[in-house]
Asker: 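Structure provided below as structure tokens; questions to follow.
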There are 2 protein chains.
Amino acid sequence: MSRARTTARPGTRQRARRGEGEKLREEILDAAERLVVEARNPDAVAIRAIAEAVGVTPPSIYLHFPDKEALIFEACERRFEEFDATIEAAGDSVDDPIESLRRRGRAYVQFGLEHPEAYRVLFMTGYPGRDPSHAFAGAGARSFGHLVEAVRRAMDAGLLRRVDPVVAATGFWTAVHGITSLLISMPDNFPWPDRDALLDHICDVQIRGLSETSTTDTGGST
Amino acid sequence: MSRARTTARPGTRQRARRGEGEKLREEILDAAERLVVEARNPDAVAIRAIAEAVGVTPPSIYLHFPDKEALIFEACERRFEEFDATIEAAGDSVDDPIESLRRRGRAYVQFGLEHPEAYRVLFMTGYPGRDPSHAFAGAGARSFGHLVEAVRRAMDAGLLRRVDPVVAATGFWTAVHGITSLLISMPDNFPWPDRDALLDHICDVQIRGLSETSTTDTGGST
DNA sequence: AGCGATAACCTAACCCTGTTCAGGGAGGTC
DNA sequence: GACCTCCCTGAACAGGGTTAGGTTATCGCT
């Protein structure tokens with residue numbers, strides 16, 4: 001209960017036994033995630049601070065991670081599985097495919113807002129040149145596949161227009177990402193309308209926009 | 001045409017005359033914007049590099065900007081006016097309020113992708129504690145006001161459902177921001193569907209979702 | 001013309017950062 | 001006990017943002 005977690009002199013930590021070198025790796029990831037959450041800003045947490053929190057010297061970090069960016073990314077990436085599971089649970093909590101989609105959207109936003117640092121690192125801070133595609137090829141692709149299936153189920157039930165499910169799912173994703181990321185990155189005093197009303201509206205527009213037979217025939221552009 | 005723009009020894013620059021101290025400020029902003037675009041990453045451009053590009057020493061920068069973040073933000077903020085004007089022009093290029101909204105959406109995404117660094121700084125990199133609200137209270141609020149009016153016009157023409165125009169405009173904004181920001185920050189090899197088809201779909205869903213009398217009655221969610 | 005005031009800028013340094021290189025010390029094996 | 005190997009340090013490098021204090025050029029004024 002009273003473990004000294006915030007600081008630890010190097011040497012404090014008990015050296016890992018032989019063959020248990022990976023133990024330090026996990027401790028580093030734990031500390032990194034914790035510090036990122038506390039600082040509410042990945043750039044503000046220093047490698048030295050992470051090392052100190054673990055009770056180890058900075059170079060030890062580089063025995064397990066190529067650079068800081070990879071470490072931070074991996075620390076945040078671990079939330080990805082939980083992210084997917086949370087959304088799936090929300091989606092499975094109801095039978096109606098439409099309501100299921102709505103709950104998925106709400107769960108997505110809620111999870112993002114509950115883990116803004118991880119969400120930011122995963123979805124908002126990719127720079128050209130950097131390539132964390134493995135993350136999106138793994139847990140990300142799986143999670144996206146779940147969304148596609150949810151959309152497809154609604155289509156099969158005749159509740160949504162038959163468009164390309166992948167395009168529809170991508171559009172749904174970008175919509176919920178839009179509000180999530182803006183809620184995270186806009187200044188605290190940004191003049192948002194009522195949040196719940198806005199979220200309801202956004203999900204509503206998605207569902208309506210994907211539904212059958214709207215009155216306005218959306219003709220081609222140009 | 002052959003001005004040495006990339007480097008300049010301090011002292012190279014001719015000292016501004018009395019009362020023209022603000023000249024350096026503009027030169028700094030120009031250099032900062034140029035370097036950010038070249039580096040495609042705001043964090044990668046150093047104050048020292050900006051100073052050198054202008055032909056001045058680093059401390060001179062702090063005579064005009066409180067810190068690096070403020071400098072970079074202001075350099076990117078200057079695009080905001082142009083952003084608004086571009087969207088307005090696109091929206092005014094057609095009479096039909098619905099098609100006008102669609103063109104606004106497309107113009108928004110296009111502008112964001114043409115100025116990804118500025119877009120990122122303005123809309124994707126706000127951290128809690130940082131407060132650039134003046135930007136959104138100025139050009140941002142004006143631009144958003146234009147969008148609200150465009151939505152209201154479509155409602156007045158009986159083409160959109162009568163919901164709160166501010167909520168509808170906010171939802172529209174978050175939608176186009178969603179795809180814009182993800183196209184900017186996802187890895188280059190991310191498996192996007194066809195971009196044009198996706199953008200058309202997204203605008204389509206927004207329009208349909210805001211239109212009158214969809215078949216599915218979207219009941220309240222708990 | 002000369003002088004002081006002051007705006008405009010520079011010199012030098014501080015402290016912190018990510019990262020590297022070479023070395024030391026504990027655990028297990030013979 | 002000797003040795004080897006894995007786990008980790010000590011010390012340093014190169015570069016970053018930022019600051020305290022000094023220097024220079026310009027301009028109004030006499």
Side-chain angles (χ1 to χ4, degrees), chain A residues 7-32 35-36 38-39 41-75 121 125 127 129-130, chain B residues 7-32 35-36 38-39 41-75 121 125 127 129-130:
Chain A
T7 54
R9 236 69 62 231
T12 293
R13 191 185 105 104
Q14 184 163 327
R15 185 196 204 77
R17 318 255 303 244
R18 234 156 200 223
E20 297 182 348
E22 294 299 299
K23 232 173 167 179
L24 175 57
R25 183 186 168 87
E26 290 305 315
E27 294 179 34
I28 292 172
L29 285 172
D30 288 340
L35 290 176
V36 166
E38 283 174 8
N41 177 351
D43 293 336
V45 6
I47 287 274
R48 284 177 162 88
I50 299 173
E52 189 182 6
V54 177
V56 100
T57 57
S60 298
I61 303 228
Y62 291 87
L63 298 173
H64 296 279
F65 303 94
D67 53 30
K68 179 185 178 180
E69 195 173 351
L71 161 58
I72 298 293
F73 191 89
E74 191 169 335
V121 169
T125 38
Y127 283 105
R130 182 75 192 149
Chain B
T7 53
R9 236 70 62 234
T12 293
R13 192 185 106 102
Q14 183 165 326
R15 181 193 280 259
R17 317 259 302 246
R18 255 185 183 199
E20 296 180 350
E22 293 299 299
K23 235 173 166 179
L24 175 58
R25 185 186 166 87
E26 290 305 314
E27 294 178 33
I28 291 172
L29 285 172
D30 288 340
L35 290 177
V36 166
E38 283 174 9
N41 178 349
D43 293 336
V45 6
I47 287 274
R48 285 176 158 89
I50 298 173
E52 189 182 5
V54 177
V56 100
T57 58
S60 297
I61 304 234
Y62 291 87
L63 298 173
H64 296 279
F65 303 93
D67 53 30
K68 178 184 178 179
E69 194 174 353
L71 161 57
I72 298 292
F73 190 89
E74 190 169 336
V121 169
T125 37
Y127 284 104
R130 182 75 191 149

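Per chain, numbering begins at 1; letters A, B, ... match sequence-line order.
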Asker: Sub-3.5 Å donor-acceptor pair from the side chain of A/K68 to the main-chain atoms of A/A46, do we have one?
Answerer: no

Asker: A/I61 CD1 to D/dC7 P: how many Å, rounded?
Answerer: 16 Å

Asker: Could you check how far NZ of A/K68 sits from P of C/dT20, rounded to whole Å?
Answerer: 15 Å

Asker: Could you tell me the separation between the CG atom of B/L71 and the P atom of D/dG17, rounded to a whole number of Å?
Answerer: 10 Å

Asker: Figure out the CD1/C1' separation between A/I50 and D/dC8, and round it to whole Å.
Answerer: 17 Å

Asker: Atom CZ of B/R25 to atom P of C/dC9: distance rounded to whole Å?
Answerer: 14 Å

Asker: Nearest 0.5 Å please: distance from the OG atom of B/S60 over to the CZ atom of B/R13.
Answerer: 8.0 Å

Asker: Whole Å only: how far is the CZ atom of A/F73 from the C1' atom of C/dG18?
Answerer: 20 Å

Asker: Between C/dC9, C/dG18, D/dG17, which nucleotide has the shortest distance from any of its atoms to the side chain of B/I47?
Answerer: D/dG17

Asker: Could you say whether B/P66 or A/L63 is positioned toward the 5' end of DNA chain D, judged by the nucleotide with the nearest heavy atom to each?
Answerer: A/L63

Asker: Consider the side chain of A/Y62, meaning its heavy atoms from C-beta on, and name the nucleotide among D/dC8, C/dT20, D/dG17 that approaches it most closely.
Answerer: C/dT20

Asker: Among A/L63, A/D67, A/I61, which one satisfies side chain to side chain contact (heavy atoms under 4.5 Å, CB included) with A/F65?
Answerer: A/I61

Asker: A/I47 vs A/L71, test: side chain to side chain contact (heavy atoms under 4.5 Å, CB included). Steps then yes/no.
Answerer: CA-CA 9 Å; A/I47 287 274; A/L71 161 58; 4.2 Å; yes

Asker: I'd like to know if A/R48 reaches the base of C/dG18 with its side chain, counting only an N/O donor and acceptor under 3.5 Å.
Answerer: yes

Asker: Report the nucleotide, chosen from C/dA12, D/dT9, D/dT18, that has the shortest atom-to-atom distance to any side-chain atom of A/P59.
Answerer: D/dT9

Asker: Strictly under 3.5 Å: I want the nitrogen or oxygen pairs between protein and nucleotides 24-28 of chain D, one per line.
Answerer:
| from | atom 1 | to | atom 2 | distance (Å) |
| --- | --- | --- | --- | --- |
| D/dT24 | O2 | B/R15 | NH1 | 3.4 |
| D/dT24 | O2 | B/R15 | NH2 | 3.2 |
| D/dT26 | O2 | B/R18 | NE | 3.0 |
| D/dT26 | O2 | B/R18 | NH2 | 3.1 |
| D/dC27 | OP1 | B/R17 | NE | 3.2 |

Asker: CG of A/L24 versus C1' of D/dC8: gap in Å, rounded?
Answerer: 9 Å

Asker: Okay, side chain of B/R25, backbone of B/H64: is any donor-acceptor separation there less than 3.5 Å?
Answerer: yes

Asker: Round to a whole Å and report the spacing from CD of B/E52 to P of D/dG16.
Answerer: 10 Å

Asker: What's the shortest heavy-atom distance between A/R48 and A/P58, and which atoms?
Answerer: CG-CG, 3.8 Å

Asker: Looking only at side-chain N and O atoms, does A/S60 come under 4.0 Å of OP1 or OP2 in D/dC8?
Answerer: no

Asker: Which of these passes side chain to side chain contact (heavy atoms under 4.5 Å, CB included) with B/V36: B/N41, B/V45, B/D43?
Answerer: B/V45

